[in-house]
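Each remark here refers to the structure printed beneath this line.
None of these values were measured; they are calculated from a predicted model.
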Amino acid sequence: MVVFCNFRKKTIKPEFIQYLVEHNLFEHFAIVTDDTMPDSFMKRGHLNYLVKKAMKAGLTPEQAIYAATYTPARRMGLSDKGSIAPGKIADFVVLDDPRQFHVLATYCSGREVYRRNAVQEPEERDTSFPSHFYHSVHVTPRTEDNFTLHVEQETGSVCCRILCVSNKTTFVQEETAVLPVKNHEICWEDSPYNLAVVFERHGKNGGCGYALVGGAAMKKGAAATTYAHDHHNLLVIGQTKADMMLAANTVIENQGGYAAAINNTVTAFAALPIAGILSDQPLDVLGKQIQGVTQSLQEWGYDHPNIIMSLSTLSLPVSPDIKVTDKGIIDVSKQKILPMILD
């Protein structure tokens with residue numbers, strides 16, 4: 001059996017690299033990235049950052065570059081990429097110091113598109129998508145009632161399932177809590193928990209799922225996004241109905257993005273108007289917008305080294321242990337829908 005491994009940031013460790021080198025396994029692994037947030041991209045880069053990390057862990061420059069170019073291209077069947085050779089697309093960089101990975105110039109299809117310290121003339125190109133890509137959020141404006149937890153009983157209390165967000169990983173574990181009921185509503189706004197709601201936004205079935213969220217999530221304010229893995233429905237989370245409504249409607253009105261809101265004010269917004277998941281803005285613009293959303297959530301108590309990814313994977317039903325989707329709370333390992341209220 002042939003085993004092939006993909007190494008991301010968290011798995012590029014000296015002990016792993018040493019094993020790969022000692023056993024000459026260069027044809028059996030690749031250096032790859034997962035989601036990289038625009039603000040992080042601006043600070044440290046992308047694959048170039050991982051190549052440098054791999055060299056510090058024990059690979060030579062040649063070995064690290066090979067693992068980030070030729071091996072993954074061959075693994076993905078991209079026969080026209082991965083190396084500089086006749087018949088291949090001439091995408092490459094020129095380095096003045098391979099070990100530091102300092103890029104002197106960048107070429108795409110054989111044409112220079114970047115040179116250090118050179119003034120780059122903006123290129124006129126049509127980067128637009130078909131018109132329907134800009135109208136993909138098929139959700140009507142939300143009201144506060146969309147964030148109300150109605151129950152049959154008039155008063156008393158109910159035991160609820162809580163999604164406990166980790167402050168180190170994107171895993172979410174299960175806890176329980178007893179919340180009061182008044183006038184047939186669960187009084188979640190008076191609790192220490194956020195409400196999370198996922199609205200189906202592709203115009204398929206209009207479904208929505210609810211969950212109460214604790215742990216490392218924010219302690220006030222609200223956030224909404226259509227960048228909710230992997231279904232990319234509209235995810236809204238917050239401490240009050242009013243803030244959640246404002247964040248959700250900001251995203252709906254702009255046909256996608258990330259919004260942060262508190263006290264009837266949108267404090268940060270990053271537009272993703274193309275299919276609700278892509279930006280048409282330069283990296284530095286989008287990076288600053290995402291940084292603004294991250295800063296707001298951090299100020300409101302969201303405790304995680306990658307807040308945007310933690311938020312976006314709250315609805316990822318293939319990541320342990322429980323998540324929330326437009327179908328409701330999902331037990332990831334059993335692939336079952338779980339009730340929010342326990343008997």
Side-chain angles (χ1 to χ4, degrees), residues 139 142 144-152 157-167 169-181 185-201 205-241 243-245 247-248 251 258-259 297 300-304 307-343:
V139 181
R142 302 290 85 183
E144 289 195 15
D145 191 59
N146 292 118
F147 306 104
T148 299
L149 297 178
H150 298 282
V151 291
E152 292 185 3
S157 62
V158 290
C159 184
C160 298
R161 198 182 307 271
I162 307 295
L163 277 62
C164 187
V165 175
S166 168
N167 64 354
T169 73
T170 57
F171 296 171
V172 176
Q173 296 181 327
E174 178 181 337
E175 294 184 354
T176 60
V178 176
L179 273 66
V181 174
E185 294 182 18
I186 298 177
C187 302
W188 67 268
E189 287 181 296
D190 299 324
S191 78
Y193 304 108
N194 291 274
L195 176 65
V197 187
V198 178
F199 299 100
E200 190 278 315
R201 63 96 170 175
N205 55 44
C208 63
Y210 294 83
L212 291 163
V213 180
M218 63 263 204
K219 305 303 181 282
K220 56 184 177 179
T225 184
T226 46
Y227 197 83
H229 292 313
D230 272 334
H231 42 75
H232 297 297
N233 286 309
L234 174 60
L235 167 65
V236 191
I237 179 174
Q239 281 277 323
T240 71
K241 300 175 186 178
D243 289 340
M244 292 178 73
M245 181 180 71
V251 172
Y258 283 96
L297 299 189
W300 302 339
Y302 208 124
D303 180 20
H304 198 278
I307 290 174
I308 294 295
M309 189 52 53
S310 176
L311 171 66
S312 295
T313 55
L314 184 62
S315 61
L316 179 60
V318 295
S319 174
D321 290 331
I322 60 172
K323 297 295 173 78
V324 59
T325 74
D326 58 314
K327 303 295 185 182
I329 299 172
I330 305 297
D331 183 315
V332 175
S333 61
K334 297 180 180 178
Q335 287 294 287
K336 292 176 57 178
I337 299 175
L338 303 175
M340 183 179 68
I341 299 175
L342 302 173
D343 294 333

Any chance you could measure [X], atom [atom1], to [Y], atom [atom2], to the nearest 0.5 Å?
X      : Y      : atom1 : atom2 : answer
His229 : Thr325 : NE2   : OG1   : 15.0 Å
Ile307 : Tyr258 : CD1   : OH    : 12.0 Å
Ile322 : Ile162 : CD1   : CD1   : 9.0 Å
Cys208 : Lys327 : SG    : NZ    : 11.0 Å
Leu342 : Leu338 : CG    : CG    : 9.0 Å
Ile237 : Leu314 : CD1   : CG    : 5.5 Å

If you apply the rule side-chain contact (heavy atoms from CB on, under 4.5 Å), what do you find for Glu189 with Phe147, and how did you get there?
CA-CA 10 Å; Glu189 287 181 296; Phe147 306 104; over 6 Å; no

More than 12 heavy atoms from other groups under 6.0 Å of CD on Glu144:
yes

Go through it in stages, so that I can follow the logic: the residues are Thr170 and Ser166, the test is side-chain contact (heavy atoms from CB on, under 4.5 Å), and I'd like the CA-CA distance, side-chain angles, deciding distance and then a yes or no.
CA-CA 7 Å; Thr170 57; Ser166 168; over 6 Å; no

Assess the side chains of Thr148 and Asn146: does a donor N or O sit below 3.5 Å from an acceptor N or O?
no

Sequence-distant partners of Val332, side chain to side chain contact (heavy atoms under 4.5 Å, CB included), two or more places apart:
Lys323, Gln335

Quick one: which residue pairs count as a side-chain hydrogen bond (donor to acceptor under 3.5 Å, both in side chains) with a foot in residues 205-228, not counting sequence neighbours?
Asp35-Tyr227

